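Below is one structure, written out as C-alpha cells; the observations come after it.
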Amino acid sequence: MIKAFLRLASSFRNRLILIFLSITILPFILFSAFSHTKSVEGIEQANITFSISYLEQAKTNVEAYLAQLNEDINSLIGDKTLQYLLERPPLSMEEEETVSIDMLSIVYQQKKQMDALRLRVFPLFPADYPTYMRAMEESPAVGNEKWFQDAANSTVPYWQLSVSDGPNRGPLLSYIKTFTSLHSRTPRGVVVTDLADNHLSRFFSPTKRLQGQKFLILNEVGEILFDSAGNEWTGEILPSPQLLAKRNLHSEGVEKLPIYEKEHLITFSRMDSLPWTIVSLTPMEALMEPVTATNQLLIVIIIVYLLVSIAVVMYLTRNFTQPVFHLVRLMRKLEEGEFDMLIPHQQRKDEIGWLFRGFGSIVRTIEDLITQSTRAERSKKELEFQVLSHQINPHFLYNTLESIRWKAENHGRNDIGEMVSALGNLLRLSLNQGKDITTVGREIDQVKAYVQIEQARIGMPLRVLYFFDEDMLDMTFMRLLLQPLVENAIQHSIRGNFEHGKVILSGRIEELDLVIDITDNGKGIPQTVIQGLEEEPVDSVSNGRSGVGLRNVNERIKIYFGTEYKLRIETEEGKGTRITIRHPILKENLEEEA
C-alpha cells in the first residue's frame, strides 16, 4: 500500500490534487469527526450520570419495597391464630371446614395490607386441607410438586419466576418462604407471595426515556427477572458474559457492549439486600439521534466543498497540469528516440508556453545534430568499406602474378593463358564497374574463377560444390563476400588434404533474408581466430593472415547491415567448419538510395 501511495504521489498533477483536497476537505472532515466524537462523549456522559443516579434511587426504592413485603410476610407468619390452626391436621370434616374459614379470613385480611398481586399460605400437608385448597383455587396435590417439596425442605426463602395461570397471563415473580412454629423449628407451612410486573415497573418509569432504553433486574445467575419494556426479555439469560463477570467484581459500573447484535451503553448497580442487579440499557443509535442533524449538516457542507474542489481541480488540471503531463509524454518519446512527433504550438505567454516553445527548439536542434552525425557516420562507413575492400585484393593479386611468373619461367605450358584469362575474369567481377552491389550469380562466378586459378596454381583439381536456389541468383548482393571465405577454406582448412577435402556452397531464401552456407571438411578454425572477430581490428601482420578474410567480411557486413547480420561460425577441430552469411534481400536501387 505504501509503494502504491508513493507511485501515486510521484506525479506532479496527483500531488497538486492531493494537496488541494488536503487543505479544503481534510479540515472539514477532521472537524466533523471531532464534533461528532465530542457530541457522543457528552451525551454518553450525561446518560451515564443520569442512569447511575436513577439506578441508585430505584435500587433504594425496590429494596425498601421488598423489605416491607418481607415484614408483612413475617407479620402473617407470627399470627398466633394461624400458628394454632396449622399446629395439627383437622380430625374431621367439620373441623377442617372451620379451620379453612379461619385461615382464609387471616390470609384475606393480611393480603389487604400487603402490596402484592396474590398471597397464598400452604399447609405443610395440603392434602389434609381439601376445602381450604379448593377455596384458594389450588389442588390438594400441590404438595407433591417439586417446587413445594424443595420449599418444604428448605429454611431459606427464595424468589422464583413463573407464568401466571390466571386471566392476566404474564410473568410472576414469587417470593417463597417456609415458616416454622413460633416456639420450635417444626415446619408449619409455606407462604407464596406473587408480584406482577406492575409492582416493579413503577420504580422504573423516568419522566423521559430514550427510545429503546430499558431497565432490567437480574438474579445471581444472570436470569432476567424483570424487563421494563413489556417483559420482552423476562425469563432469558442476559447474553453478555462480560457484563455478568464485571457485575460479580464491582457493585456498579459502566460498559459499552453488544446485546442481541446491537451496541448498548450499559450501567448497572448491584443491590445490597438481595443478589440482584439493576441494569440500564440504552441503544447507541438512540444516543446518536441528537447529533444526527449536525452530522447531516456537516455532510452537506463536505459535499458542497467536495464539488467545488473537484471543479477547481478540473480547472487546474485542464489548464496547467494536463499541458505539463503532455509535455512529459513528449519528452519520454524523445528519450526513446522518436523525433517524428507533433509539438502543439502554444500561444500562451506564461511558463507553460515557454516550456513548449523551448522544448520544440531543443527537438529541432537535436534533429539537426543527429542529421549531421548520420552524415558523418555514413561517410566514415564508406571510407572503412573502401579500406576493407582494398585490404582484400592486393595480396591475392600479388600471389596470382607470382604464380603466373613462376609457371612462365619454369614450365612454359599452355595453361598459362587459361590462368591469365581466369585472372582477367576474376578482376572484372571483383571490380564490378566500381559498384559495391552485385548479384548472387556474379559472386558465384567470381568464386568459380578464383577456384579455377587455384587449381592451376596447385596443379590438381579442387572439389568445390554449388547448391543454390535458382530464384536467388539474380538477387542483389554485396560484392566480395563469398570469395574471401572460400579462399580462407582452401588455404587454411583443406590445404594439405586436397584429395579428400571439399568445399560446399549452398544458398536459400528464408523470409526476408538470403542465407548462404560455406561448409568444408577441413581442420577447422582456431578459437582464437573466432574470438578475434569480436575484438577491435589490429595490424594483420601481428595477427596472421588466417583471420584477415573472416574479419574483413564480418566487419563489412556489420558496417553495412548491422551487428545482427554478422557471420555465424560453427567449427570443430579436425571435422570442418560451417560459415553462415545472412544477407537481407535488397532493392535494385539500394546503392542510389544510400
Side-chain angles (χ1 to χ4, degrees), residues 29 31-62 161 170-171 173 196-271 275-300 302:
I29 294 177
F31 172 75
S32 302
F34 179 78
S35 175
H36 175 79
T37 302
K38 289 300 180 182
S39 299
V40 172
E41 287 179 356
I43 294 174
E44 287 181 357
Q45 191 60 41
N47 183 270
I48 290 171
T49 303
F50 167 77
S51 297
I52 290 293
S53 175
Y54 187 81
L55 290 183
E56 288 294 332
Q57 183 62 42
K59 181 181 73 172
T60 302
N61 295 336
V62 171
L161 185 66
L173 187 60
D197 59 337
N198 60 341
H199 290 88
L200 297 175
S201 60
R202 56 188 170 180
F203 302 113
F204 302 97
S205 300
T207 56
K208 187 175 182 180
R209 183 188 302 178
L210 293 175
Q211 184 178 3
Q213 184 179 18
K214 63 170 60 183
F215 299 92
L216 307 177
I217 296 180
L218 310 179
N219 63 9
E220 63 273 16
V221 298
E223 183 183 16
I224 300 175
L225 303 177
F226 169 75
D227 181 353
S228 64
N231 288 299
E232 180 183 9
W233 298 347
T234 302
E236 300 178 10
I237 300 296
L238 186 69
S240 180
Q242 302 96 316
L243 178 62
L244 299 178
K246 189 168 184 180
R247 182 270 309 264
N248 295 330
L249 297 176
H250 305 282
S251 60
E252 64 180 21
V254 180
E255 286 291 329
K256 190 185 293 185
L257 297 171
I259 304 292
Y260 290 115
E261 300 181 354
K262 279 189 176 182
E263 193 78 11
H264 287 79
L265 181 64
I266 303 172
T267 56
F268 67 90
S269 179
R270 199 168 59 201
M271 298 178 64
W276 291 357
T277 304
I278 303 177
V279 179
S280 170
L281 299 180
T282 305
M284 291 301 300
E285 58 184 16
L287 289 176
M288 295 284 292
E289 188 175 353
V291 298
T292 301
T294 303
N295 290 340
Q296 291 176 348
L297 178 61
L298 289 174
I299 291 173
V300 171
I302 290 175

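This is a predicted model, so every value here is computed, not measured.
Here the NE2-CZ distance, from His250 to Phe268, works out to 7.0 Å after rounding to the nearest 0.5 Å. To the nearest 0.5 Å, atom CD of residue Gln213 and atom CZ of residue Phe50 are 6.5 Å apart. For the atom pair CG of Asn61 and CD of Gln57, the computed distance is 4.5 Å after rounding to the nearest 0.5 Å. The NZ atom of Lys59 sits 3.5 Å away from atom OG of Ser269, with the distance rounded to the nearest 0.5 Å. Of the inter-residue distances, the one linking Ile217 atom CD1 with Asp197 atom CG reads 11.0 Å to the nearest 0.5 angstrom.
Listed here is the closest heavy atom pair of Leu244 and Leu238: CD1-O, 4.0 Å. Heavy atoms only, all atoms of each residue included: Thr234 and Leu225 are closest at CG2-O, 3.7 Å. Annotation for Ser51 and Ser280: closest pair OG-OG, 3.7 Å, computed over non-hydrogen atoms.
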Output, in order, the C-alpha distance, side-chain angles, deciding distance and verdict of side-chain contact (heavy atoms from CB on, under 4.5 Å) for Met271 and Ile278. CA-CA 7 Å; Met271 298 178 64; Ile278 303 177; 4.2 Å; yes
Walk me through it: do Leu243 and Ile266 pass the test side-chain contact (heavy atoms from CB on, under 4.5 Å)? CA-CA 9 Å; Leu243 178 62; Ile266 303 172; 3.8 Å; yes
Could you walk me through whether Leu55 and Thr267 pass side-chain contact (heavy atoms from CB on, under 4.5 Å), step by step? CA-CA 8 Å; Leu55 290 183; Thr267 56; 3.6 Å; yes
Taking it one step at a time, do Lys214 and Trp233 satisfy side-chain contact (heavy atoms from CB on, under 4.5 Å)? CA-CA 10 Å; Lys214 63 170 60 183; Trp233 298 347; 3.5 Å; yes
Please list, one pair per line, the donor and acceptor atoms closer than 3.5 Å that link side chains of residues 253-265 to other protein atoms, with sequence neighbours excluded.
from	atom 1	to	atom 2	distance (Å)
Glu255	OE2	Lys246	NZ	2.4
Lys256	NZ	Glu44	OE2	2.8
Tyr260	OH	Glu236	OE1	2.4
His264	ND1	Lys262	O	2.8

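When atom types are taken as modelled, the side chain of Ser53 and the backbone of Thr49 share no donor-acceptor pair closer than 3.5 angstrom. The backbone N or O of Glu232 sits less than 3.5 Å from a side-chain atom of Asp227, completing a donor-acceptor pair. Proximity of a side-chain donor or acceptor of Asn219 to a complementary backbone N or O of Gly222 within less than 3.5 Å is detected.
Test Leu218, Leu173, Leu200 against Phe226 for side-chain contact (heavy atoms from CB on, under 4.5 Å) and you get one pass: Leu200.
Inspection of the Arg247 and Thr277 side chains reveals an N or O donor paired with an N or O acceptor under 3.5 Å.
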